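Taking it in order: structure first as C-alpha coordinates, then the write-up.
Each ligand, and each atom within it, is numbered from 1 in the order the structure gives. For this chain, numbers begin at 1 and follow the sequence in order. In this text, all values refer to a predicted model and were calculated from it rather than measured experimentally.
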Amino acid sequence: MQHMAVMHKTTTLLLLLISSSLVRCTEQGVSQESKDAEEDSKWFSGAPEMQDLAHLSWEYVHELQCWLWPEKCDEMKMERADWSWKSFGWNALADLYTTVTSLTDPTQGTVLNNLTGLQWDLEQRVHGQHLAVKQILSSVKRFLQEDESKKSQVLSFHGWTGTGKNLAVRVIAENLYQNGLRNRCTKVFIPQLHFPHQSHMEAYKVQLGKQITQISSHCAQPMFVFDEADKLPAALLEPLLPIFKGDHQTRSILIFLSGIGSKTINEITLNFWHAGRHREVITLNDLEEPLKAAVEHHGDQLIAWQLLKEGLIDDFVLFLPLERSHVKMCARDVFAAQGLPYTESSLEKILQELVFVPKNERVFSAHGCKHVAQRIYSMKP
Ligand SMILES: *[C@@H]1O[C@H](CO)[C@@H](O)[C@H](O)[C@H]1NC(C)=O
(Lines give C-alpha, C1' and ligand atoms only; values in the text may rest on other atoms or scores of the structure.)
Protein backbone atom coordinates (compact mmCIF):
# COMPACT_ATOMS: atom_id res chain seq x y z
CA MET A 1 0.00 0.00 0.00
CA GLN A 2 3.01 2.24 -0.33
CA HIS A 3 1.64 3.85 -3.46
CA MET A 4 -1.62 4.56 -1.77
CA ALA A 5 0.26 6.36 0.94
CA VAL A 6 1.83 8.52 -1.71
CA MET A 7 -1.56 9.11 -3.26
CA HIS A 8 -2.94 10.16 0.06
CA LYS A 9 0.00 12.38 0.72
CA THR A 10 -0.46 13.97 -2.66
CA THR A 11 -4.13 14.47 -2.09
CA THR A 12 -3.49 15.99 1.26
CA LEU A 13 -0.87 18.21 -0.26
CA LEU A 14 -3.21 19.35 -2.96
CA LEU A 15 -6.02 19.86 -0.53
CA LEU A 16 -3.72 21.93 1.59
CA LEU A 17 -2.68 24.00 -1.37
CA ILE A 18 -6.24 24.53 -2.44
CA SER A 19 -7.66 25.15 0.98
CA SER A 20 -4.84 27.46 2.00
CA SER A 21 -5.67 29.66 -0.92
CA LEU A 22 -9.27 29.57 0.16
CA VAL A 23 -8.37 30.42 3.73
CA ARG A 24 -6.63 33.53 2.54
CA CYS A 25 -9.92 34.81 1.19
CA THR A 26 -11.93 34.14 4.31
CA GLU A 27 -12.76 36.68 6.95
CA GLN A 28 -12.11 36.13 10.60
CA GLY A 29 -14.76 35.19 13.13
CA VAL A 30 -16.69 32.66 11.12
CA SER A 31 -16.10 28.98 11.50
CA GLN A 32 -13.66 27.69 8.94
CA GLU A 33 -15.93 24.85 7.99
CA SER A 34 -18.88 26.94 6.95
CA LYS A 35 -16.52 29.31 5.18
CA ASP A 36 -15.04 26.45 3.25
CA ALA A 37 -18.47 25.30 2.23
CA GLU A 38 -19.31 28.78 1.12
CA GLU A 39 -16.11 29.08 -0.86
CA ASP A 40 -16.85 25.75 -2.43
CA SER A 41 -20.19 26.92 -3.63
CA LYS A 42 -18.54 30.01 -5.07
CA TRP A 43 -15.96 27.83 -6.69
CA PHE A 44 -18.70 25.93 -8.44
CA SER A 45 -21.14 28.74 -9.03
CA GLY A 46 -21.75 29.62 -12.63
CA ALA A 47 -20.37 26.29 -13.69
CA PRO A 48 -22.99 23.68 -12.95
CA GLU A 49 -21.06 21.15 -14.98
CA MET A 50 -18.31 21.46 -12.39
CA GLN A 51 -20.75 20.10 -9.87
CA ASP A 52 -21.46 17.16 -12.12
CA LEU A 53 -17.78 16.70 -12.47
CA ALA A 54 -17.28 16.55 -8.74
CA HIS A 55 -19.48 13.48 -8.73
CA LEU A 56 -18.39 12.04 -12.01
CA SER A 57 -14.72 12.40 -11.49
CA TRP A 58 -14.39 9.89 -8.70
CA GLU A 59 -14.76 7.11 -11.18
CA TYR A 60 -12.21 8.51 -13.56
CA VAL A 61 -9.66 9.35 -10.96
CA HIS A 62 -9.96 5.74 -9.93
CA GLU A 63 -9.37 4.83 -13.55
CA LEU A 64 -6.33 7.05 -13.58
CA GLN A 65 -5.02 5.25 -10.54
CA CYS A 66 -5.49 2.01 -12.40
CA TRP A 67 -3.29 3.32 -15.16
CA LEU A 68 -0.61 4.40 -12.76
CA TRP A 69 -0.82 1.55 -10.26
CA PRO A 70 -2.38 -1.38 -12.07
CA GLU A 71 -1.22 -3.82 -9.42
CA LYS A 72 -3.34 -1.96 -6.89
CA CYS A 73 -6.24 -1.20 -9.15
CA ASP A 74 -8.63 -3.99 -8.40
CA GLU A 75 -7.87 -4.36 -4.75
CA MET A 76 -8.24 -0.69 -4.03
CA LYS A 77 -11.45 -0.08 -2.23
CA MET A 78 -11.06 3.55 -1.46
CA GLU A 79 -14.02 5.27 0.00
CA ARG A 80 -15.28 8.37 -1.64
CA ALA A 81 -15.17 9.99 1.73
CA ASP A 82 -11.40 9.79 1.63
CA TRP A 83 -11.48 12.47 -0.98
CA SER A 84 -12.88 15.86 -0.52
CA TRP A 85 -14.11 16.33 -4.04
CA LYS A 86 -15.86 19.55 -3.30
CA SER A 87 -12.48 21.16 -2.92
CA PHE A 88 -11.36 20.11 -6.35
CA GLY A 89 -11.88 22.00 -9.52
CA TRP A 90 -11.16 20.60 -12.91
CA ASN A 91 -7.65 22.00 -13.00
CA ALA A 92 -6.86 20.50 -9.65
CA LEU A 93 -7.88 17.10 -10.92
CA ALA A 94 -5.72 17.42 -13.96
CA ASP A 95 -2.83 18.75 -11.87
CA LEU A 96 -3.14 15.83 -9.52
CA TYR A 97 -1.90 13.62 -12.28
CA THR A 98 1.16 15.75 -12.91
CA THR A 99 1.90 16.05 -9.21
CA VAL A 100 1.54 12.34 -8.60
CA THR A 101 3.71 11.54 -11.58
CA SER A 102 6.50 13.84 -10.52
CA LEU A 103 6.34 12.90 -6.84
CA THR A 104 6.59 9.21 -7.44
CA ASP A 105 9.29 9.26 -10.03
CA PRO A 106 12.67 10.21 -8.69
CA THR A 107 14.36 9.23 -11.95
CA GLN A 108 12.13 11.63 -13.85
CA GLY A 109 12.58 11.27 -17.55
CA THR A 110 14.97 8.36 -18.09
CA VAL A 111 14.40 6.66 -21.43
CA LEU A 112 15.24 2.94 -21.69
CA ASN A 113 14.11 1.92 -25.17
CA ASN A 114 14.62 -1.74 -24.30
CA LEU A 115 13.34 -3.53 -27.39
CA THR A 116 14.45 -6.94 -26.14
CA GLY A 117 12.41 -6.40 -23.01
CA LEU A 118 9.49 -5.11 -25.04
CA GLN A 119 9.39 -8.24 -27.17
CA TRP A 120 9.74 -10.53 -24.18
CA ASP A 121 7.06 -8.76 -22.15
CA LEU A 122 4.57 -8.51 -24.98
CA GLU A 123 4.95 -12.19 -25.75
CA GLN A 124 4.72 -13.24 -22.10
CA ARG A 125 2.02 -10.92 -20.84
CA VAL A 126 -0.31 -9.96 -23.67
CA HIS A 127 -2.25 -13.15 -24.24
CA GLY A 128 -4.01 -14.22 -27.40
CA GLN A 129 -2.92 -11.21 -29.43
CA HIS A 130 -0.49 -12.45 -32.04
CA LEU A 131 -1.41 -9.61 -34.40
CA ALA A 132 -1.15 -6.80 -31.89
CA VAL A 133 2.14 -8.08 -30.50
CA LYS A 134 3.65 -8.25 -33.97
CA GLN A 135 2.31 -4.84 -34.96
CA ILE A 136 3.53 -3.09 -31.84
CA LEU A 137 6.98 -4.59 -32.05
CA SER A 138 7.52 -3.76 -35.68
CA SER A 139 6.04 -0.30 -35.32
CA VAL A 140 8.11 0.69 -32.31
CA LYS A 141 11.27 -0.88 -33.73
CA ARG A 142 10.84 0.91 -37.01
CA PHE A 143 10.39 4.21 -35.24
CA LEU A 144 13.27 3.85 -32.81
CA GLN A 145 15.79 2.24 -35.11
CA GLU A 146 15.11 3.15 -38.66
CA ASP A 147 13.84 6.48 -39.83
CA GLU A 148 15.34 9.03 -37.50
CA SER A 149 13.93 11.98 -39.37
CA LYS A 150 10.40 10.90 -38.51
CA LYS A 151 8.96 13.12 -35.80
CA SER A 152 6.22 10.92 -34.48
CA GLN A 153 4.79 7.45 -34.51
CA VAL A 154 1.04 7.15 -34.20
CA LEU A 155 -0.53 3.86 -33.20
CA SER A 156 -4.24 3.34 -33.16
CA PHE A 157 -5.30 0.49 -30.85
CA HIS A 158 -8.65 -1.13 -31.50
CA GLY A 159 -10.40 -3.86 -29.60
CA TRP A 160 -13.07 -4.94 -27.20
CA THR A 161 -12.88 -4.19 -23.51
CA GLY A 162 -10.40 -6.28 -21.54
CA THR A 163 -8.53 -7.57 -24.58
CA GLY A 164 -5.21 -6.09 -23.51
CA LYS A 165 -5.03 -2.57 -24.96
CA ASN A 166 -4.19 -0.95 -21.65
CA LEU A 167 -1.83 -3.73 -20.72
CA ALA A 168 0.01 -3.35 -24.02
CA VAL A 169 0.39 0.40 -23.41
CA ARG A 170 1.79 -0.34 -19.98
CA VAL A 171 4.23 -2.88 -21.37
CA ILE A 172 5.41 -0.39 -23.99
CA ALA A 173 5.82 2.33 -21.37
CA GLU A 174 7.69 0.06 -18.97
CA ASN A 175 10.19 -1.01 -21.58
CA LEU A 176 10.75 2.36 -23.16
CA TYR A 177 10.75 4.49 -19.99
CA GLN A 178 12.01 3.99 -16.50
CA ASN A 179 8.98 3.59 -14.24
CA GLY A 180 6.70 3.32 -17.25
CA LEU A 181 3.59 5.46 -17.06
CA ARG A 182 4.89 7.18 -13.95
CA ASN A 183 7.79 8.60 -15.92
CA ARG A 184 7.38 12.31 -16.55
CA CYS A 185 7.81 11.79 -20.30
CA THR A 186 4.71 9.61 -20.53
CA LYS A 187 1.22 10.89 -20.14
CA VAL A 188 -2.21 9.31 -20.31
CA PHE A 189 -5.23 11.43 -21.17
CA ILE A 190 -8.66 10.18 -20.16
CA PRO A 191 -11.41 12.14 -21.94
CA GLN A 192 -13.90 12.05 -19.08
CA LEU A 193 -11.27 13.32 -16.71
CA HIS A 194 -9.26 15.72 -18.83
CA PHE A 195 -11.86 16.88 -21.37
CA PRO A 196 -15.24 16.19 -19.80
CA HIS A 197 -17.40 18.94 -21.26
CA GLN A 198 -18.01 19.81 -24.85
CA SER A 199 -18.72 23.42 -23.90
CA HIS A 200 -15.17 23.84 -22.54
CA MET A 201 -13.44 22.47 -25.59
CA GLU A 202 -11.62 25.72 -26.38
CA ALA A 203 -10.10 25.74 -22.92
CA TYR A 204 -9.13 22.09 -23.19
CA LYS A 205 -7.40 22.76 -26.49
CA VAL A 206 -5.25 25.43 -24.88
CA GLN A 207 -4.58 23.24 -21.86
CA LEU A 208 -3.62 20.23 -23.96
CA GLY A 209 -1.36 22.32 -26.16
CA LYS A 210 0.38 23.70 -23.07
CA GLN A 211 0.88 20.28 -21.56
CA ILE A 212 2.33 18.91 -24.73
CA THR A 213 4.69 21.85 -25.10
CA GLN A 214 5.74 21.50 -21.49
CA ILE A 215 6.46 17.77 -21.69
CA SER A 216 8.13 18.19 -25.06
CA SER A 217 10.43 20.85 -23.62
CA HIS A 218 12.10 18.40 -21.24
CA CYS A 219 11.68 15.08 -23.02
CA ALA A 220 13.29 14.12 -26.29
CA GLN A 221 10.95 11.18 -26.67
CA PRO A 222 7.58 11.85 -25.09
CA MET A 223 4.76 9.35 -25.17
CA PHE A 224 1.14 10.52 -25.17
CA VAL A 225 -1.65 8.04 -24.66
CA PHE A 226 -5.30 8.87 -25.32
CA ASP A 227 -7.64 6.47 -23.63
CA GLU A 228 -11.17 6.04 -24.98
CA ALA A 229 -10.36 7.88 -28.18
CA ASP A 230 -13.91 7.18 -29.33
CA LYS A 231 -14.88 10.00 -26.96
CA LEU A 232 -12.25 12.45 -28.20
CA PRO A 233 -13.66 15.23 -30.36
CA ALA A 234 -11.85 16.10 -33.57
CA ALA A 235 -11.20 19.60 -32.21
CA LEU A 236 -8.46 18.19 -30.00
CA LEU A 237 -6.37 17.31 -33.02
CA GLU A 238 -5.32 20.93 -33.40
CA PRO A 239 -3.07 21.10 -30.32
CA LEU A 240 -1.43 17.86 -31.49
CA LEU A 241 -0.45 19.19 -34.89
CA PRO A 242 2.87 20.73 -33.76
CA ILE A 243 3.99 17.21 -32.84
CA PHE A 244 3.45 15.96 -36.38
CA LYS A 245 4.94 19.06 -37.93
CA GLY A 246 8.07 18.67 -35.84
CA ASP A 247 7.70 22.06 -34.15
CA HIS A 248 9.02 20.55 -30.95
CA GLN A 249 12.50 19.10 -31.01
CA THR A 250 11.10 15.73 -30.14
CA ARG A 251 10.27 12.31 -31.50
CA SER A 252 6.92 11.49 -29.99
CA ILE A 253 4.95 8.31 -29.65
CA LEU A 254 1.19 8.73 -29.70
CA ILE A 255 -1.22 5.95 -28.90
CA PHE A 256 -4.98 6.18 -29.31
CA LEU A 257 -7.10 3.50 -27.66
CA SER A 258 -10.65 2.80 -28.63
CA GLY A 259 -13.36 0.23 -29.06
CA ILE A 260 -14.11 1.53 -32.56
CA GLY A 261 -14.36 -1.37 -34.94
CA SER A 262 -14.27 -3.96 -32.20
CA LYS A 263 -17.61 -5.37 -33.31
CA THR A 264 -16.13 -5.96 -36.75
CA ILE A 265 -12.98 -7.51 -35.30
CA ASN A 266 -15.09 -9.80 -33.12
CA GLU A 267 -17.29 -10.89 -36.01
CA ILE A 268 -14.35 -11.69 -38.23
CA THR A 269 -12.65 -13.63 -35.46
CA LEU A 270 -15.86 -15.57 -34.85
CA ASN A 271 -16.08 -16.36 -38.56
CA PHE A 272 -12.64 -17.89 -38.43
CA TRP A 273 -13.71 -19.94 -35.43
CA HIS A 274 -16.83 -21.11 -37.22
CA ALA A 275 -14.74 -22.11 -40.22
CA GLY A 276 -12.54 -24.16 -37.91
CA ARG A 277 -9.54 -21.97 -38.68
CA HIS A 278 -7.04 -21.14 -36.00
CA ARG A 279 -7.13 -17.50 -34.91
CA GLU A 280 -3.41 -17.19 -35.44
CA VAL A 281 -3.90 -17.39 -39.19
CA ILE A 282 -5.84 -14.11 -39.08
CA THR A 283 -3.75 -11.40 -40.70
CA LEU A 284 -3.89 -7.65 -40.76
CA ASN A 285 -5.21 -7.94 -44.33
CA ASP A 286 -8.32 -9.68 -43.04
CA LEU A 287 -9.07 -6.84 -40.66
CA GLU A 288 -7.59 -3.55 -41.76
CA GLU A 289 -10.09 -2.54 -44.42
CA PRO A 290 -13.19 -3.46 -42.39
CA LEU A 291 -11.66 -1.56 -39.49
CA LYS A 292 -11.05 1.57 -41.55
CA ALA A 293 -14.63 1.37 -42.76
CA ALA A 294 -15.78 1.20 -39.14
CA VAL A 295 -13.74 4.28 -38.24
CA GLU A 296 -15.18 6.18 -41.19
CA HIS A 297 -18.64 5.08 -40.26
CA HIS A 298 -18.07 6.32 -36.72
CA GLY A 299 -18.25 9.92 -37.83
CA ASP A 300 -16.23 12.98 -38.68
CA GLN A 301 -16.71 14.62 -35.31
CA LEU A 302 -14.19 12.33 -33.74
CA ILE A 303 -10.44 12.44 -33.66
CA ALA A 304 -10.15 8.86 -34.95
CA TRP A 305 -11.81 9.81 -38.19
CA GLN A 306 -9.70 12.94 -38.52
CA LEU A 307 -6.46 11.04 -37.92
CA LEU A 308 -7.41 8.49 -40.53
CA LYS A 309 -8.43 11.11 -43.06
CA GLU A 310 -5.23 13.09 -42.58
CA GLY A 311 -3.19 9.91 -43.00
CA LEU A 312 -1.62 10.42 -39.58
CA ILE A 313 -1.94 6.85 -38.33
CA ASP A 314 1.22 4.83 -38.85
CA ASP A 315 -0.12 1.54 -37.60
CA PHE A 316 -3.43 0.04 -36.66
CA VAL A 317 -3.08 -2.40 -33.82
CA LEU A 318 -5.90 -4.89 -33.52
CA PHE A 319 -6.92 -6.82 -30.45
CA LEU A 320 -8.97 -9.96 -30.94
CA PRO A 321 -11.65 -11.13 -28.51
CA LEU A 322 -10.21 -13.52 -25.92
CA GLU A 323 -11.05 -17.17 -25.55
CA ARG A 324 -11.14 -19.25 -22.35
CA SER A 325 -7.53 -20.35 -22.65
CA HIS A 326 -6.34 -16.73 -22.80
CA VAL A 327 -8.39 -15.61 -19.84
CA LYS A 328 -7.00 -18.55 -17.96
CA MET A 329 -3.50 -17.27 -18.66
CA CYS A 330 -4.51 -13.84 -17.36
CA ALA A 331 -5.78 -15.45 -14.17
CA ARG A 332 -2.56 -17.42 -13.80
CA ASP A 333 -0.57 -14.19 -14.19
CA VAL A 334 -2.57 -12.49 -11.46
CA PHE A 335 -2.03 -15.40 -9.06
CA ALA A 336 1.66 -15.44 -9.85
CA ALA A 337 2.08 -11.68 -9.54
CA GLN A 338 0.43 -11.78 -6.12
CA GLY A 339 2.55 -14.72 -5.05
CA LEU A 340 -0.62 -16.71 -4.44
CA PRO A 341 -0.72 -20.45 -4.95
CA TYR A 342 -3.19 -21.72 -7.55
CA THR A 343 -4.40 -24.98 -8.98
CA GLU A 344 -6.11 -25.96 -12.17
CA SER A 345 -9.40 -26.01 -10.31
CA SER A 346 -8.97 -22.51 -8.88
CA LEU A 347 -8.33 -21.25 -12.42
CA GLU A 348 -11.44 -23.07 -13.63
CA LYS A 349 -13.43 -21.58 -10.82
CA ILE A 350 -12.52 -18.08 -11.98
CA LEU A 351 -13.54 -18.95 -15.54
CA GLN A 352 -16.89 -20.28 -14.40
CA GLU A 353 -17.77 -16.88 -12.99
CA LEU A 354 -17.16 -15.07 -16.27
CA VAL A 355 -19.62 -14.49 -19.08
CA PHE A 356 -18.82 -15.92 -22.49
CA VAL A 357 -20.42 -14.78 -25.74
CA PRO A 358 -22.11 -15.12 -28.19
CA LYS A 359 -25.01 -16.75 -26.44
CA ASN A 360 -24.95 -19.98 -28.43
CA GLU A 361 -21.28 -20.62 -28.92
CA ARG A 362 -19.83 -19.04 -25.78
CA VAL A 363 -16.39 -18.68 -27.32
CA PHE A 364 -15.23 -15.26 -26.19
CA SER A 365 -15.01 -13.70 -22.77
CA ALA A 366 -17.50 -10.82 -22.71
CA HIS A 367 -15.11 -8.64 -20.74
CA GLY A 368 -11.85 -10.19 -21.80
CA CYS A 369 -9.48 -10.32 -18.87
CA LYS A 370 -11.11 -7.38 -17.14
CA HIS A 371 -12.42 -8.20 -13.64
CA VAL A 372 -10.29 -11.36 -13.47
CA ALA A 373 -7.97 -9.83 -10.89
CA GLN A 374 -10.93 -8.55 -8.93
CA ARG A 375 -12.42 -12.02 -8.73
CA ILE A 376 -9.15 -13.46 -7.56
CA TYR A 377 -8.83 -10.86 -4.82
CA SER A 378 -12.37 -11.48 -3.67
CA MET A 379 -11.51 -15.18 -3.32
CA LYS A 380 -8.74 -14.36 -0.87
CA PRO A 381 -9.44 -15.61 2.64
C1 LIG B 1 15.90 -5.26 -21.18
O2 LIG B 1 14.89 -6.12 -20.73
C3 LIG B 1 15.33 -7.43 -20.47
C4 LIG B 1 14.11 -8.29 -20.19
O5 LIG B 1 13.26 -7.69 -19.26
C6 LIG B 1 16.31 -7.40 -19.32
O7 LIG B 1 16.77 -8.69 -19.02
C8 LIG B 1 17.48 -6.52 -19.71
O9 LIG B 1 18.35 -6.37 -18.61
C10 LIG B 1 16.99 -5.14 -20.14
N11 LIG B 1 18.10 -4.40 -20.69
C12 LIG B 1 18.41 -3.19 -20.27
C13 LIG B 1 19.56 -2.57 -20.97
O14 LIG B 1 17.83 -2.64 -19.36
Side-chain angles (χ1 to χ4, degrees), residues 2-3 6 66-74 100-148 150 152-155 157 159 162-188 215-216 218-225 250-255 257 280 314-315 317 319 322 325-340 342 368-369 372-373 376:
Q2 193 188 338
H3 296 314
V6 178
C66 292
W67 273 105
L68 296 174
W69 293 288
E71 65 283 5
K72 299 285 168 195
C73 173
D74 281 321
V100 168
T101 314
S102 58
L103 272 187
T104 51
D105 180 27
T107 55
Q108 308 274 305
T110 308
V111 171
L112 305 172
N113 287 353
N114 185 347
L115 290 172
T116 321
L118 178 62
Q119 174 158 8
W120 170 262
D121 267 0
L122 285 172
E123 285 171 357
Q124 297 301 311
R125 293 168 60 191
V126 182
H127 303 300
Q129 303 298 356
H130 70 286
L131 267 181
V133 166
K134 206 166 92 192
Q135 280 297 107
I136 293 169
L137 265 176
S138 69
S139 184
V140 172
K141 254 189 197 160
R142 205 174 345 115
F143 182 60
L144 296 183
Q145 294 183 333
E146 289 168 24
D147 186 1
E148 289 192 358
K150 204 161 178 297
S152 61
Q153 188 78 344
V154 180
L155 292 106
F157 283 19
T163 50
K165 301 189 297 293
N166 299 28
L167 175 63
V169 166
R170 220 177 287 132
V171 166
I172 297 170
E174 283 167 11
N175 284 286
L176 301 192
Y177 302 88
Q178 187 147 23
N179 288 344
L181 291 172
R182 303 198 287 261
N183 188 297
R184 70 204 287 239
C185 294
T186 63
K187 171 124 184 148
V188 181
I215 293 171
S216 301
H218 58 64
C219 294
Q221 182 192 297
M223 177 164 122
F224 303 107
V225 178
T250 55
R251 305 189 72 225
S252 314
I253 297 169
L254 284 90
I255 304 179
L257 281 67
E280 306 223 329
D314 293 290
D315 287 295
V317 179
F319 291 77
L322 296 179
S325 61
H326 309 120
V327 182
K328 201 167 174 176
M329 288 191 264
C330 292
R332 198 195 52 199
D333 288 354
V334 175
F335 277 112
Q338 294 289 313
L340 296 171
Y342 62 91
C369 284
V372 167
I376 291 173

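Listed by chain and number, the residues in a side-chain contact (heavy atoms from CB on, under 4.5 Å) with Glu280 are His130, His278 (sequence neighbours excluded).
A side-chain N or O of Ser139 and one of Gln153 form a donor-acceptor pair less than 3.5 Å apart.
With Leu176 as the partner, the side-chain contact (heavy atoms from CB on, under 4.5 Å) test is satisfied by one option alone out of Asn183, Asn113, Asn114: Asn113.
Checking side-chain atoms of Arg251 against main-chain N and O of Lys150 turns up a donor-acceptor pair under 3.5 Å.
Both the sub-6.0 Å distance and the 45° axial angle are not jointly satisfied by Arg332 relative to the ring of Tyr342.
Rounding to the nearest 0.5 angstrom, the gap separating the CG atom in Leu137 from the CZ atom in Arg142 is 11.5 Å.
Listed by chain and number, residues touching ligand 1 at under 4.0 Å (heavy atoms only) are Asn114, Gly117.
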